[in-house]
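This report concerns only the one structure given below.
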Amino acid sequence: MKIVSYNVNGIKARLPRLIEYLTEQQPDVVCLQELKSADEGFPEADIRAAGYGAVWHGQKGFNGVAILAKGADPVERKRGLDGEPEDEHSRYIEAEVNGVTIASIYLPNGNPVPGPKFDYKLRWIDRLSRQALTLLAEERPVVLAGDYNVIPNDDDTFSVRAMASDALMQPESRQGYRALLAQGWTDALRTRFPTGGVWTFWDYQAGAWQRDAGFRIDHLLLSPQAADRLISAGVDKEYRGREKASDHAPTWVRLRG
């Protein structure tokens, strides 16, 4: 079972690349982020034509998350996180696919630091942590997949100096991520590449792709029951280099069963 996290940076602009990826790789589940589309604008017909069912939580021009499943309709369990009823950002959706609970996550960027956007990021991590504990208590296979907008370790970026003042690498951001792992979640990509040096994002600016000046912010966290089924994890890096590609590459985990 191949489960993918893919920040498409605009589903309408990136639809040809997404369909191309689904056709070539045939993943079992794809968690999308940054749809930048209202619910009614989601290209359900195109995705169904490619052989995938979907649930989605859209927002016009910003954010937006979805879960696609090959040959099946994901069974939605939850959309949005508890804790801030006034929060209208579409950043979390959770569904059941073939006995696995899967969440698609688009954690706030948090820049500039300091400021209200960074404060919101930290509150959102806390809210995610509470939901993560609830999921762990079910003692079932769970995958929390998405763009976390956190660079967990110094070896997860091409340049510590370049990112030092960014919200993605602040001590508070990292602490929030590590607190999640401390609950009992396994960082699939880190388990596969324990010494780092694997990127999932390359900015469009300053020739970042050409210079391989990237960093790792797309993560798949596994509950103990999912981690027991871990076969491999990786990044389909080549898709970042295609014409009109997203600035993220599809990041994946493969589980037994």
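- Contact record, Trp199 with Asp212: NE1-O, 3.1 Å, taken as the closest heavy-atom pair.
- The pair Asp155-Arg190 meets the salt-bridge criterion, since a charged nitrogen lies less than 4.0 angstrom from a carboxylate oxygen.
- Arg140 and Arg77 make their closest contact through NH1-NH1, 4.2 Å (heavy atoms, listed as atom of the first residue, atom of the second, distance).
- Considering every non-hydrogen atom in both Ile19 and Ala50, the closest pair reads CD1-CB, 4.1 Å.
- With hydrophobic clusters built from ILVMFWY side chains whose heavy atoms lie under 4.5 angstrom apart, Leu136 shares a cluster with Ile105.
- Using a distance-only test at 3.5 Å, with no hydrogens or angles considered, no donor-acceptor pair links the side chain of Thr195 to the main chain of Phe193.
- Defined by atom type and a distance below 3.5 Å, a donor-acceptor pair is missing between the side-chain atoms of Thr101 and Glu138.
- Atom CG of Leu32 and atom CG of Leu68 lie 4.5 Å apart (nearest 0.5 Å).
- Under a cut-off of 6.0 angstrom, the local environment of CZ in Arg192 is sparse, with at most 12 non-hydrogen atoms contributed by other residues, nucleotides or ligands.
- Between Leu168 and Ser173, the closest heavy-atom pair is O-CB, 4.3 Å.
- For the residue pair Tyr6 and Asp218, no side-chain donor N or O sits within less than 3.5 Å of a side-chain acceptor on the partner.
- Summarising the geometry of Leu222 relative to Ala226, their closest heavy-atom pair is CB-CB, 3.9 Å, with the distance given to 0.1 Å.
- Arg161 and Asp154 are not joined by a salt bridge, as no carboxylate oxygen comes within less than 4.0 angstrom of a charged side-chain nitrogen.
- Residues that satisfy the side chain to side chain contact (heavy atoms under 4.5 Å, CB included) test with Ser165, not counting sequence neighbours, are absent from this structure.
- Rounded to the nearest 0.5 angstrom, Ile125 CD1 and Asn149 CG are separated by 9.5 Å.
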Please evaluate residues Leu221 and Leu181 with respect to the criterion side chain to side chain contact (heavy atoms under 4.5 Å, CB included), reporting the C-alpha separation (whole Å), side-chain torsions for both, the decisive distance (0.1 Å), and the verdict.
CA-CA 8 Å; Leu221 303 190; Leu181 296 183; 3.8 Å; yes
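- We find that Arg127 and Asp87 are joined by a salt bridge, their nearest charged nitrogen and carboxylate oxygen being less than 4.0 Å apart.
- The aromatic rings of His219 and Tyr148 lie tilted to each other, with the angle between the two planes from 30° to 60°.
- Of the charged side-chain nitrogens involved, at least one lies within less than 4.0 Å of a carboxylate oxygen, so that Arg242 and Glu24 count as a salt-bridged pair.
- Closest approach of Met169 to Met163, counting heavy atoms only: CB-O, 3.7 Å.
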Which atom pairs, one a donor and one an acceptor, fall under 3.5 Å between side chains of residues 34-43 and the rest of the protein, sequence neighbours left out?
from	atom 1	to	atom 2	distance (Å)
Glu34	OE1	Asn7	ND2	3.0
Lys36	NZ	Asn9	OD1	2.6
Asp39	OD1	Gly58	N	2.6

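- Under a 4.5 Å side-chain heavy-atom criterion applied to ILVMFWY residues, the cluster that includes Tyr204 comprises that residue alone.
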Before you tell me yes or no, could you show the steps for Asn109 and Lys117 under side chain to side chain contact (heavy atoms under 4.5 Å, CB included), namely the whole-Å CA-CA distance, both residues' side-chain angles and the distance that decides it to 0.1 Å?
CA-CA 8 Å; Asn109 177 283; Lys117 291 185 178 181; over 6 Å; no
Verify side chain to side chain donor-acceptor pair (under 3.5 Å) between Tyr239 and Gln25, making sure each step is shown before the conclusion.
CA-CA 11 Å; Tyr239 288 89; Gln25 294 294 325; 3.1 Å; yes
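- Salt bridge Lys121/Asp126: absent, no basic N to carboxylate O contact under 4.0 Å.
- The number of heavy atoms from other shown groups lying within 6.0 Å of CZ (Phe62) does not exceed 12.
- In summary, the side chains of Asp236 and Trp252 do present a donor paired with an acceptor at a separation below 3.5 Å, with no hydrogens or angles considered.
- The neighbour count for Glu86 CD, taken as heavy atoms of other residues, nucleotides or ligands under 6.0 Å away, is above 12.
- One side chain, Glu94 or Tyr92, offers a donor N or O that lies under 3.5 Å from an acceptor on the other.
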Pair Asp147-Leu107, side chain to side chain contact (heavy atoms under 4.5 Å, CB included): steps then yes or no
CA-CA 6 Å; Asp147 177 358; Leu107 206 142; over 6 Å; no
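- Val55 and Leu18 fall into different hydrophobic clusters, where Ile, Leu, Val, Met, Phe, Trp and Tyr residues are linked whenever their side-chain heavy atoms come under 4.5 Å apart, directly or through other members.
- A salt bridge is absent between Arg178 and Asp187; no separation between the charged side-chain nitrogens and carboxylate oxygens falls under 4.0 Å.
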